[in-house]
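Per chain, numbering begins at 1; letters A, B, ... match sequence-line order. These numbers were taken from a predicted model, which means no experiment stands behind them.
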Amino acid sequence: MEGLTDPLEARRGKLRALRALGVQPYPHGFRRTHLAAEVLEGFAGLEERVTAALAGRIRSLRPMGKVVFAHIEDPSGRIQLYLRADEMGEESFRVASLLDLGDLIGATGVPFRTRTGEISIRVEGLSVLAKALRPLPAVKEREGVVYDAFRDREARYRRRYLDLILNPEVREVFARRAAAIRVLRRELDARGFLEVETPVLQAVYGGASARPFRTHHHALDMPLYLRIAEELPLKKLLVGGLERVYELGRVFRNEGLDRHHNPEFTLLEFYWAYADYREAMSLVEDLVRQTALEVRGALQIPSPEGTDEVVDLAPPFERRSLADLVREQAGIDVLAASDGALDEACRRLGGGLPAGAPRGKRIEKLFDLSVAPRLRRPTFVTDYPMSISPLAKGHRERPDDLVERFELFILGQEYANAFSELNDPEEQRRRFAEQQRWREAGDEEAQPLDEDFLEALEHGMPPAAGVGIGVDRLVMLLTGCAAIRDVLLFPHLRPSDESDRDRTGAEPEECPGAPASPAPSREERR
RNA sequence: GCGCCAGUAGCUCAAUCGGCAGAGCAACUGACUCUUAAUCAGUAGGUUCGGGGUUCGAUUCCCUGCUGGCGCACCA
């Protein structure tokens, strides 16, 4: 092994040496009796010798001649191991000398307190559970100060397993994410909602205004889309008599990536027969309050943006109509203003719009520019233009151009989108037809007509409220993460050169019928 | 998509005006039976993100591509 200064080669050499000693470096299992924390907490009560079997990853290693000190880390924390040649025997101690930072090992022994007072394990038996062939970045710590932290964001996202090993706060984020999802599920279950799963692969996509991902089914030789929302299948279930349903699933939107957007994200949608959008607001308040309480233990949450702002999630949230808010902030009555006046106002605020865009888009644009960033406290914005809400029921007080819809804004970000669901099949058909016209005018996000869905509606869908909640954003808020990437274990990244090479190796051969070019023609996209 | 910034050893980072590419940790060899950012002595380790250009000479200057971060635009 002399001269093996390449860490990879050195580790492979140690692996060979272990095998030469008759050690199986990748055994089938290990009987763990204690977690590190259990030993640390239980030590005071351990009157007599108790042998503990622990398993974990070597996070520090200090060989000093015939003695080795090491810390192993398991899910509960770290504990120090003390290995002595004279107690373990030469044979076993030779194995200890072949250990590296990052190896997974098992150790059995008796807890004791070292001269410096640290509760440790006096190791009697040592097992290699998985020899690590690659070096772990050498992060060190003393008195809470971390040295040479693993902080490169790209490296952390690309090799999240290292991030999880080396940055404990990352594990906490994902524990909180799981906790938030657990609460959402439990609260909906408790209210009689049935969790369902609907297709991700769809011949006709819909339920939101977004561009889809397109794929291809070889055996059927047909294009398929990855869903952009869960909405339409769930409403078919309302028709089918499942009066309270929800789905917590992944949706896919072919848009840009930034701090708040990943091409795939987790969307909770629930549909509630015989309720309207006002009742849905109360339920959304409950869900937000409950997740905050259980995940954060408080309703006052500091802004993830790193400002001093603290947001108060205690219901009731403010309820304001979109038209009122725009009037206050931009000084325009969007219900009465001419299209030209709306255009002019948009331009004044710095947002151009294509000439053919629907009136509702101009209004929404005005809102996005003048109001949304200012909505810091949780606020339900209500009553949206009909032309941008083709699946929402007309407003009971102004059915010609408004719908019963709300979006929840917190800290200028949208967290939920909901409406009283349109259940008049003929009206729905007209709305789809209008979308079709926008699509022909060049709006790639306009929603395609879904004949299957219309047929279902014709059988009678109960009046209902439907809600979508952006789970990732809620988790961001509750974990203090400013970037969606930080609440996704594997956020989407462009392939690096390295993974590009890997991918090429794994790519299935070209199949007949697969689109030769990833860019569909304009006709295909329709 | 546009703008700004960044990419140097496994990790964290230096490198003067364009003048031999360095440090700490990790690794390797040796010493060390209570250490804990172990210590001590020594050794090795580089496609300076890729490609091109200017120059006697480029980590450094210019062009271009890639990846990432931030901001803007779009969206949830």
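Of the candidates Arg113(A), His71(A), Gln80(A), Gln80(A) is the only one forming a side chain to side chain donor-acceptor pair (under 3.5 Å) with Ser120(A).
Taking atom C1' in both U12(B) and G51(B), the straight-line distance is 29 Å, to the nearest Å. Atom name P, nucleotides U29(B) and G65(B): the rounded distance is 47 Å, in whole Å. For C49(B) and U67(B), the C1' atoms lie 8 Å apart once the distance is rounded to whole Å. Look at the C1' atom in both C62(B) and A76(B): the space between them is 42 Å, to the nearest Å. Using C1' as the reference atom, U59(B) and U47(B) are 13 Å apart when rounded to the nearest Å. The separation of A44(B) from C32(B), taken at their C1' atoms, amounts to 23 Å, rounded to a whole angstrom. Spacing of C1' atoms, G71(B) relative to C63(B), comes out at 25 Å, to the nearest Å. Using C1' as the reference atom, G22(B) and U60(B) are 15 Å apart when rounded to the nearest Å.
The residue among Asp86(A) and Pro137(A) whose nearest nucleotide of RNA chain B lies closer to the 5′ end is Pro137(A). When the nearest nucleotides of RNA chain B are assigned to Ala210(A) and Arg159(A) by heavy-atom distance, the more 5′-ward of the two goes with Arg159(A).
Remark: Arg405(A) qualifies as a cation-pi partner of Tyr384(A) under the 6.0 Å distance and 45° angle criteria applied to the six-membered ring. Judged by the 6.0 Å distance and 45° axis criteria, Arg122(A) is positioned over the aromatic ring of Phe112(A).
A sub-4.0 Å separation between OP1 or OP2 of G68(B) and a side-chain N or O of Arg494(A) is present. Regarding contacts with the backbone of G68(B), every side-chain N or O of Arg485(A) stays at 4.0 angstrom or more from both OP1 and OP2. Taking side-chain N and O atoms only, Arg259(A) has a distance below 4.0 Å to OP1 or OP2 of G71(B). In this structure, Arg156(A) does not reach the G68(B) phosphate: none of its side-chain N or O atoms is under 4.0 Å from OP1 or OP2.
Between the P atom of G69(B) and the CG atom of Asp258(A) lies a distance of 10 Å, rounded to the nearest Å. At whole-Å resolution of the value, CD in Glu9(A) and P in U43(B) are 23 Å apart. In this structure, Arg11(A) places its CZ atom 12 Å from P of A26(B), rounding to the nearest Å. Straight-line distance from the CG atom of Leu15(A) to the C1' atom of A27(B): 17 Å, rounded to whole Å. Distance Glu444(A) CD to G1(B) P: 14 Å, rounded to the nearest Å. Put simply, CG on Leu257(A) is 16 Å from P on C72(B), counting in whole angstrom units.
Here the OG1-CG distance, from Thr266(A) to Asp472(A), works out to 4.5 Å after rounding to the nearest 0.5 Å.
The residue Asn254(A) sits apart from the nucleic acid: no heavy atom pair falls under 4.0 Å. Gln413(A) comes within 4.0 angstrom of nothing in the nucleic acid, heavy atoms only. Residue Leu166(A) is classed as having no contact, given no heavy-atom separation below 4.0 Å to the nucleic acid. Backbone-only engagement by Tyr157(A) is indicated by non-hydrogen atom pairs under 4.0 Å involving sugar-phosphate atoms exclusively. Within the 4.0 angstrom heavy-atom criterion, base atoms lie near Gln80(A).
Listed in residue order, the members of residues 464-476 of chain A having a heavy atom less than 4.0 Å from RNA chain B are Arg473(A).
Between the Arg176(A) side chain and the Thr479(A) main chain, no donor and acceptor come within less than 3.5 Å of each other.
The base-pairing partner of A38(B), taking Watson-Crick or G-U wobble contacts with both distances under 3.5 Å, does not exist among the strands shown.
Checked against U35(B), G68(B), C28(B), the side chain of Thr114(A) finds its nearest nucleotide in U35(B). Residue Asp152(A) places its side chain closer to U12(B) than to any other of A27(B), A37(B), U12(B).
Stacking between Phe69(A) and A38(B) is absent: the aromatic ring centre is not both under 5.5 angstrom from the base six-membered ring centre and within 30 degrees in plane angle.
Within 6.0 Å of the CD atom in Glu197(A), the count of heavy atoms belonging to other residues, nucleotides or ligands does not exceed 12.
In this structure, Phe317(A) and Phe380(A) have tilted ring planes: the angle between them lies in the 30° to 60° band.
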